[in-house]
Amino acid sequence: MPENTPYMVAAYVITAAILVGYAVLLYRRTLKP
Amino acid sequence: MKLLQTGRWITAIGLLLLAGVYVRALSFTPIERTQGMAQKIFYLHVPAALWAEAAMVLVGLGSVFYLFLKDPRLDRFAEASAEAGLVFGSIVLTTGPIWGKPIWGTWWTWDARLTLTLLLFLMYIGYLLLRGAVTDPGLRARYAAVVGICGACLVPFVHLSVIMFRTLHPQPIVLKPSAPSLPGEMLVTLLLSFGVFTLLYVGFVMQRYGLALLRERRDRGGDHA
């Protein structure tokens with residue numbers, strides 16, 4: 001495994017977590033404004 | 001409410017397509033020779049940065065027109081765009097240092113691009129905090145519009161900081177006067193990713209706008225939209 005793969009994995013996981021997290025937050029907020 | 005439903009669908013489709021971008025970026029896009037796998041952060045970092053900047057420009061435009069027209073829809077749009085911009089700004093400020101560590105050898109350096117991007121992020125936070133602190137809707141919209149316009153004025157400095165100052169951050173390789181200096185396959189992946197981030201921005205803004213509308217109606221004791 002190339003040396004800097006963990007950095008790439010971390011960036012991809014964090015980006016997905018932020019985007020999915022915000023989408024879920026918005027969904028919940030719009031159910032109970 | 002139709003706006004909310006459409007926003008949810010666009011967001012859901014955007015998230016599904018994001019998975020497709022991940023597959024394309026990781027499996028079907030060549031690995032850059034010098035940076036290796038770390039360069040793949042580029043396909044998320046750059047679209048997020050472009051939308052973090054564009055969202056603030058749109059906040060500024062909405063704010064300018066609000067001050068002239070006093071149309072509450074413009075204020076709602078500016079608020080929605082600011083919140084979406086904060087989300088993209090937080091992606092930029094996390095993926096950037098993660099990319100910087102293996103390539104520059106440091107998580108953070110106080111150079112012009114990084115510092116101005118942090119300032120843009122703080123402008124988003126300040127804008128949203130201000131909106132939460134002022135209770136009168138008219139005053140809130142007017143004060144927020146002033147901060148929104150200041151934020152938009154910052155964007156050209158963020159984008160051109162790599163040209164105006166000596167920085168560690170690379171020069172623009174896509175949004176520049178000459179043709180993009182990027183191999184075709186990498187450019188396609190970047191453009192696909194940018195398209196997905198655009199969808200997500202639209203979906204987030206539509207939902208956030210709908211939420212502001214619902215809250216206004218609730219505060220007025222109106223219908224259950």
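Letters A, B, ... mirror the listed sequences (proteins, then strands); counts begin at 1.
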Hey, can you pull the donor-acceptor pairs under 3.5 Å for the side chains in residues 11-28 of chain A, sequence neighbours left out?
unit_1: Y12(A); atom_1: OH; unit_2: K40(B); atom_2: O; d: 2.6
unit_1: T15(A); atom_1: OG1; unit_2: A11(A); atom_2: O; d: 2.8
unit_1: Y22(A); atom_1: OH; unit_2: E83(B); atom_2: OE2; d: 2.6

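With a 4.5 angstrom heavy-atom cutoff, L200(B) touches chain A only via side-chain atoms. With a 4.5 angstrom heavy-atom cutoff, I41(B) touches chain A via backbone and side-chain atoms both. With a 4.5 Å cut-off on non-hydrogen atoms, S90(B) touches chain A through its backbone and its side chain both. Within the 4.5 angstrom heavy-atom criterion, no atom of I31(B) approaches chain A.
The closest donor-acceptor contact from the side chain of N4(A) to the backbone of G36(B) lies at 3.5 Å or more, if one exists at all.
Counting heavy atoms of neighbouring residues, nucleotides and ligands inside a 6.0 Å radius, atom CH2 of W9(B) does not exceed 12 of them. Within 6.0 Å of CZ in R215(B) there are more than 12 heavy atoms belonging to other residues, nucleotides or ligands.
Rounding to the nearest 0.5 angstrom, the gap separating the CG atom in L44(B) from the CE atom in M8(A) is 10.0 Å.
Contacts between residues 202-211 of chain B and chain A, counted as heavy-atom pairs separated by less than 4.5 Å, involve F204(B), Q207(B), R208(B), L211(B).
Of the listed residues (W99(B), Y22(B), Y43(B), F88(B)), the greatest number of heavy-atom pairs within a distance under 4.5 Å of chain A belongs to Y22(B).
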